[in-house]
Amino acid sequence: MKLLLALSLLLVAANVEGHSGLPHPLALASSFSQIYHQLDKINLGNCSLTNVSLSLNTTKPPLPAPSTNLTLKYIALGRGTQNYTCPSNASTINPKATGAAATLFDASCIASSSLALLHEVPAIISATPLESVAFMAALVAQGTRSNNIIIGQHYFNADGEPVFDMGLSGSNSWIAGGKLAATPAPNATSGSSGDVPWLKLGYKKGNGIQEVYRVVTSQGDPPSTCAGQNRTIQIAYAAEYWFYG
């Protein structure tokens, strides 16, 4: 129950819009103070993933299962942007994907407590400014005496490979991967739902991580054409990332 309370408070505070009647900065301060005291003895980091498993039956077709010799190492919530470019604003040209960038938040304790709750979070944080999510994560880490709520970074390297670096958690685990399989997000209609596809990524180089899944995606799809768009486009998104090694 403490974990569920903590998550609820985190998400509520991240979306404060002055509904308390206080001016916005004072409403934030009031919410932060309440959360800090209620989380004082809770530790949200480093929960066991022994009994947690990834269900791949939601999509059609389903993604391939993790390799049998691997174990689940991390579950993270990624919040960032999917990035695209348009060489012109012609309606006959489609935006071209150029990569992504995201902050990775530790989701092990949410997953070990309730996968149903975990699966609700991407849709919430995809609509929350990243600055608010990161600030609240730092507050949670301080209040729970955990140093690794923010555990990693996701970006694309100079070779165009997706990289996941878990160095912010104090780990030396990382992977530069390549796409092994993709499938449309489960609620996709007419080929596009606004949510980027679910993916399975395999190892190209790295340490400690062999396979990565991007699942339960929220937002991130580009406009259908470049009409009226800037040359560079950043679309907010969130997703669950499951890491096996």
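Positions are given from 1 along the sequence.
Residue-environment remark: CG (Asn69) exceeds the threshold of 12 foreign heavy atoms within 6.0 Å. Within a 6.0 Å sphere centred on NZ of Lys205, other residues, nucleotides and ligands contribute more than 12 heavy atoms.
Looking only at distances, a side-chain donor or acceptor of Thr98 sits under 3.5 Å from a matching main-chain atom of Asn83. Looking at Ser67, its side chain never comes within 3.5 Å of a backbone N or O of Leu70 through a donor-acceptor pair. With Ser171 contributing its side chain and Gly167 its backbone, the two residues share no donor-acceptor pair below 3.5 Å. Of the possible donor and acceptor atoms, none in the side chain of Ser113 sits under 3.5 Å from a partner among the backbone N and O of Ile110. One N or O on the side chain of Thr85 and one on the backbone of Arg231 form a donor-acceptor pair closer than 3.5 Å. Looking only at distances, no side-chain donor or acceptor of Asn172 sits under 3.5 Å from a matching main-chain atom of Asn207. Using modelled atom types, no side-chain atom of Arg79 and backbone atom of Thr103 make a donor-acceptor pair closer than 3.5 Å.
Rounding to the nearest 0.5 angstrom, the gap separating the CD atom in Glu240 from the CG atom in Leu104 is 12.5 Å. Considering OG of Ser55 and CG of Leu115, their distance stands at 9.0 Å, rounded to 0.5 Å. Once rounded to the nearest 0.5 Å, the distance linking CD1 of Ile93 with OG1 of Thr225 reads 9.5 Å. Within the model, atoms CG of Leu63 and CG of Leu56 stand 5.5 Å from one another, a figure rounded to the nearest 0.5 Å. Within the model, atoms SG of Cys226 and CG of Asn89 stand 8.0 Å from one another, a figure rounded to the nearest 0.5 Å. Atom SG of Cys47 sits about 10.5 Å away from atom CD1 of Ile75, to the nearest 0.5 Å.
Here the closest non-hydrogen pair linking Ser112 and Cys109 is OG-O, 3.1 Å. In plain terms, the two heavy atoms of Gly208 and Lys73 that are nearest each other are O-CG, 4.3 Å. Listed here is the closest heavy atom pair of Thr183 and Pro61: OG1-O, 2.6 Å. Gln219 approaches Ala127 most closely through the heavy-atom pair NE2-N, 4.1 Å. Pairing each heavy atom of Gly177 with each of Glu161, the nearest pair is O-CB, 3.9 Å. Across all their heavy atoms, Pro95 and Tyr84 have their closest contact at CB-CB, 4.1 Å.
Looking at Tyr213, Phe243, Tyr244, Tyr203 one by one, the single match for ring-ring contact (aromatic ring centres under 6.0 Å, His included) with Phe164 turns out to be Phe243.
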Mind running side chain to side chain contact (heavy atoms under 4.5 Å, CB included) on Tyr241 and Leu199 for me, showing each step along the way?
-> CA-CA 10 Å; Tyr241 287 98; Leu199 302 176; over 6 Å; no
Worked check of side chain to side chain contact (heavy atoms under 4.5 Å, CB included) between Ile125 and Leu77 = CA-CA 9 Å; Ile125 64 173; Leu77 288 163; 4.3 Å; yes
Taking it one step at a time, do Leu72 and Leu54 satisfy side chain to side chain contact (heavy atoms under 4.5 Å, CB included)?
-> CA-CA 9 Å; Leu72 181 59; Leu54 175 61; over 6 Å; no
Just do the salt bridge (charged side-chain N to carboxylate O under 4.0 Å, His left out) check on Glu211 and Lys200 with the steps written out, would you?
-> CA-CA 7 Å; Glu211 295 177 354; Lys200 179 180 181 179; 3.6 Å; yes
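Proximity of Ile233 to Pro222: side-chain heavy atoms (C-beta onward) are nowhere separated by under 4.5 Å. Counting heavy atoms from C-beta outward, Thr58 and Trp198 have side chains that approach closer than 4.5 Å. With a 4.5 Å cut-off on side-chain heavy atoms, Ile151 and Leu168 do not count as touching.
Residue Trp174 is not grouped with residue Ile150 when hydrophobic side chains (ILVMFWY) are merged at heavy-atom distances under 4.5 angstrom, including chains of intermediate members. Leu49 and Leu118 end up in the same hydrophobic cluster when Ile, Leu, Val, Met, Phe, Trp and Tyr side chains are linked at under 4.5 Å. Follow the hydrophobic side-chain contacts under 4.5 Å out from Leu180 and you never reach Val212; the two are in separate clusters.
Between the side chains of Tyr74 and Ser169, no donor-acceptor pair is found at a separation under 3.5 Å. Between the side chains of Thr232 and Asn230, no donor N or O sits under 3.5 Å from an acceptor N or O.
Using the six-membered ring where Trp is involved, His154 and Phe156 have ring planes that are tilted, between 30° and 60° apart.
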